[in-house]
Amino acid sequence: MVAEKPSKKLFAVKLRVWRQAGPSAPGAFVEYSLNTVNPDMSFLEMLDVLNDDLTMKGEEPVAFAHDCREGICGTCSCTINGKPHGPGQGVATCQVYMRAYRDGDVITIEPFRAKAFPIIKDLVVDRSAFDKIQQAGGYITARAGSAPDANAIPVPKGDADLAMDAAQCIGCGACVAACKNASAMLFVAAKVGHLGVLPQGQAERDRRVLAMVSTMDSLGFGSCTNQYECSAACPKLISHDFIARMNRDYMGASFRQMFKAEAASTGGGAG
Amino acid sequence: MATLDSKIPAGPLAEKWRKHKVDMKLVNPANKRKYEVIVVGAGLAGASAASSLADLGYKVKNFVFHDSPRRAHSIAAQGGINAAKNYQNDGDSVYRLFYDTLKGGDYRAREANVHRLAEVSVNIIDQCAALGVPFAREYGGLLANRSFGGAQVSRTFYARGQTGQQLLLGAYSSLSRTVGQGLVELHTHSEMLDLVVVDGHAKGIIVRDLITGAITRHSADAVILATGGYGNVFNLATYARGSNTTAIWRAYKRGACFANPCYTQIHPTCIPVSGDYQSKLTLMSESLRNDGRIWVPKKKEDRLKKPSEIPEADRDYYLERIYPSFGNLCPRDVASRAAKRMCDEGRGVGESGLGVYLDFADAINRLGENGVRERYGNLFDIYHEITAESAYKQPMRIYPAVHYTMGGLWVDYNLMSNVPGLFVLGEANFSDHGANRLGASALMQGLADGYFVIPYTIGDYLAGQKPGSRPSTDRAEFKQAEENVSSMNKRFLASKGKEPVSHFHKRLGKIMWEHCGMARTKASLEEALKLIPALREEFHANVKVPGSADTLNQSLEQAGRVADFIELGELLCRDALTREESCGGHFREEHQWPDGECKRDDEKFAHVAAWEFQGDGKTPLRNTEPLNYEFTKMSVRSYK
């Protein structure tokens, strides 16, 4: 009853894959040929096929990070032909399909590169620095059980939409990998923007931006020089406008903190 | 034989939880910090539990196999979360959400659990809004709702098509706060590989660090598993590739009963399979069924025609035809089986014949392309990436795929398994969805368990444990469990086989889908029960696991997980074979009404089947917990 699917025309690619046995081991590109690429395969499925081939040959497969394979968990993290997450726009590595390539293409695959993201093995990097930034202040403190009715605090639709634009960040680190300074400004700005736009986020707004930025600085991320490669590489296309917004927030918070400190040191001023 | 006391509190349905909260024992604040609780998993249930318990004052250790807790697969849930807020003034209430969920589960869940879920649903929305979850809003700033599969009221809260992501990031933000405050000790890249039971109580776990390969012992006063579902037993599913059954399976092998493994949910709206290399299936949120109309050609010979060339009169909008009152919004199991029937009749679309159309032409006429984009833009984008087709121009092709597992470790009303001290939350337990889960209920259950149930019920257990009495990790039980883990890894690495782990996973998935998928028969299940043990033997004899144990080794991780899936697959088929009825996601062809709907057998099967491990190679024991419907009448589920 069910028709056999006519097989698509398979094609061949040459892969140059970064192989590195461990964090302190030297790494190098290793070439592999793959002759059975189906245009409907995802990029990661292509790597699965490579890995099964390697395993059957008795070689160690390429370690690469992946999980949901639908562009939302932020685990996958390959730089493909020099571009974090590869040729698409607004997609993660797992959403790249082999129909983007042609027979005979050479594809260079390397890990996201940044000082703050040390390589663990092959294409897998350590992005725990992102978690540390979140732990420093990327939250609204609200213990379970203490919340008021959800409709008690109306949020204008425009603000909620703007917050959502920023909140979509999947924490993959492509912004860092794309930046020549390996800056994490877009990542931090997305969280600061998301929570700072909402009325619920106001109480901790100053504290949040100061803590997150200082933690970012301490973890070895570079500075922002406003070239916006980050937004271009972002799988969720988060706008660099959030960086401007964060800079404003940061400046305001710094001034307020300075005056508070001054007021405290002079015994609260003239009173 | 395990004792299965559901511990459902006495009294009227709506009073049970309130009364139970008063009756439970408390741990005094000064003593809370003397107790250590292990939480495995950091999805909605795990992250919300870990942060809530830390805020109460318990010392919490959280273990995740991901590189960050934000990666847990709750992140991928698209559509929304139910809550009985009745903000839409359309007749919703706690009772109605309770009733819909119970009925949706085909009367195979506990009344008391489901009612509690509906009660706390309203608190979840408050909590998430307070955490800054950017739910969709009306222009006046108040929360927006939509209706969702299987519901006749608009009670679903959502954040574009990324509700799971936003709820998870909310829970992750609280978890991050508590980690930053030093209240939670977070272990990433850490996979639980065994449960340690001391004097009959769960008192620790054995963990492998996935980067260094180090195996460590951790003791605690209580262990919480919030490790998600086991749908990857089918290999192709909407789950993340890393989702696995290992934590709950190994707990099962330490004595925790596994309840209703055969209750698996097949989601009707997924992108069809395209080839052998495929690693996962992608869900198209069923919120699409609010505006999309599902059809197949009336005539087989139109199957491969372009949809635009099939005139209206030759289309069969079969859900609207068969289920006029629910139409395209009928529950998932009903919609999935209907799609299968259409394809079995030879009217399936797409090259493989395993697909039906989900058509937005009417919605685009009504709302305009931008109106549709605003509601579903990201889903249409995902569809386009995967298929290179635009759903604005032609209908989507969809087909059912495994999406959720209602079964899981057996727990009582306190979410404690039959092993005292072992609690199981979220999809990993069996408790609230019966034989079928309604849309937008998984997020609700995960957060209910973590934010609003476990913070109360764990105290009732811990109050009976002497502070500071948790066992030392030097005890024999820890040593034995650690050796169990190390020797398993050694065996895999020493295997002289030829085939990669993935081949066995694919073969298992095929057996499961063909013999124990959308429709099951006695014969197909008996066949599967021959094939799976054979596959298991072949796996252990012929698997090839390259590399070593003291480094990141993804093949080794997968080998352990697939070994567990093979064993679980066998139990799942055994459960499906024993349950001689059809209910919800479990459809036995021998038990159906003339119109093809599920025919339950309430006399024989109004119970939970909780399987108890008896040793490797031995037939597990089937315990039962009767389901008593005191407050509702078990009726035949009809969506016509």
Side-chain angles (χ1 to χ4, degrees), chain A residues 1-3 5-6 22 38 40-41 44-45 48-49 52 55-56 58-61 63 66-70 72-75 91 95 97 99 120-121 124 127-128 131 134-136 138-144 147-151 154-157 160 163-164 167-168 171 194-195 198 200-201, chain B residues 52 55 67-68 70-71 73 75-76 87 125-127 129-132 134 137-143 159-160 162 165-166 169 173-174 176-177 179-180 188 211 240-242 274-275 277-280 282 346 351-354 382 385 388 451-452 455 498 500 502 544 546-547 551-552 554-555:
Chain A
M1 152 308 290
V2 172
K5 183 185 159 80
N38 183 311
D40 285 339
M41 271 179 184
L44 296 184
E45 285 164 351
D48 290 339
V49 172
D52 281 354
T55 303
M56 282 190 283
E59 292 175 43
E60 217 181 313
H66 66 97
D67 198 30
C68 79
R69 299 201 175 197
E70 52 186 286
I72 196 73
C73 74
T75 309
V91 294
Q95 296 166 292
Y97 282 78
R99 64 179 80 94
I120 293 171
K121 188 176 183 177
V124 182
R127 287 166 289 185
S128 54
D131 285 328
Q134 297 279 7
Q135 288 155 14
Y139 49 77
I140 292 169
T141 302
R143 296 170 57 136
D149 185 89
N151 263 347
V155 181
K157 184 174 187 301
M164 182 65 201
Q168 291 188 76
H194 157 211
L195 299 177
L198 296 171
Q200 294 92 324
Chain B
S52 302
D55 277 335
D67 67 333
S68 163
R70 67 180 294 153
R71 312 277 187 227
H73 198 53
I75 199 108
Y87 282 159
I125 301 305
D126 299 342
Q127 176 63 21
L131 289 171
R137 302 260 167 184
E138 307 289 354
Y139 280 100
L142 303 180
L143 288 155
R160 291 193 193 148
Q162 289 140 272
Q165 180 199 25
Q166 293 310 314
L169 293 181
S173 73
S174 279
S176 295
R177 171 176 58 79
V179 171
T188 56
I211 305 295
R241 283 311 287 167
S274 70
Y277 48 79
Q278 194 138 0
S279 60
K280 81 157 271 158
T282 302
E351 287 172 359
S352 68
L354 295 175
I382 294 172
E385 277 151 23
Y451 282 135
F452 296 109
K498 294 270 182 292
S502 67
K544 170 83 189 161
T551 165
L552 174 63
Q554 294 170 323
S555 307

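When reading the values below, keep in mind they use all heavy atoms of this one structure, side chains included, and skip hydrogens, waters and symmetry mates. Sequence lines set the chain letters: A, B, ... in the order given, protein chains first and strands last, and positions in each chain run from 1.
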Checking heavy atoms, do the side chain of [X], its backbone, both or neither come under 4.5 Å from chain A?
X	value
B/Thr551	side chain
B/Gln166	side chain
B/Gln554	side chain
B/Ser555	side chain
B/Ile211	side chain
B/Leu169	side chain

Counting heavy-atom pairs under 4.5 Å to chain A, which of [options] comes out on top?
options	value
B/Tyr451, B/Tyr139, B/Phe452	B/Tyr139
B/Ala76, B/Ser52, B/Pro455, B/Ser174	B/Ala76
B/Arg241, B/Arg177, B/Gln278	B/Arg177
B/Leu131, B/Asp67, B/Ile125, B/Thr282	B/Leu131
B/Ser173, B/Ser279, B/Ser68	B/Ser279
B/Gln162, B/Gln127, B/Lys544, B/Glu138	B/Gln127

Atom group of [X] that falls short of 4.5 Å from chain B, counting heavy atoms:
X	value
A/Glu59	backbone
A/Val91	side chain
A/Thr75	both
A/Asp48	side chain
A/Ala136	neither

Looking at [options], which one has more heavy-atom pairs under 4.5 Å with chain B than the rest?
options	result
A/Gly22, A/Gly74, A/Ala163	A/Gly74
A/Ala150, A/Gly201, A/Pro154, A/Ala160	A/Ala150
A/Arg99, A/Met56, A/Gln95	A/Arg99
A/Gly58, A/Ala167, A/Pro156, A/Gly138	A/Ala167

Legend entry - Least distance between heavy atoms, B/Gly132 atom then A/Leu198 atom: O-CD1, 3.3 Å
Inset, instruction - Might you point out which heavy atoms bring A/Cys73 and A/Asp67 nearest each other, and give the distance in Å? - result: SG-CB, 3.8 Å
Taking the side chain as everything from C-beta on, heavy atoms only, tell me whether [X] gets closer than 4.5 Å to [Y].
X	Y	value
A/His66	B/Lys280	no
B/Ser176	A/Gln135	yes
A/Glu70	B/His73	yes
A/Val155	A/Gln200	yes

Inset, instruction - Show your reasoning for whether side-chain hydrogen bond (donor to acceptor under 3.5 Å, both in side chains) applies to B/Tyr87 and A/Asp149. - result: CA-CA 11 Å; B/Tyr87 282 159; A/Asp149 185 89; 2.7 Å; yes
Legend entry - Between A/Asp52 and B/Ser502, a side-chain donor and acceptor under 3.5 Å: yes
Measure the [atom1]-[atom2] distance between [X] and [Y] for me, rounded to the nearest 0.5 Å.
X	Y	atom1	atom2	answer
A/Ile72	B/Gln165	CD1	CD	3.5 Å
B/Arg137	B/Leu143	CZ	CG	4.0 Å
A/Arg143	B/Asp55	CZ	CG	4.5 Å
B/Arg70	A/Asp131	CZ	CG	7.5 Å

Inset, instruction - Not counting sequence neighbours, which residues clear salt bridge (charged side-chain N to carboxylate O under 4.0 Å, His left out) with B/Lys498? List them please. - result: none
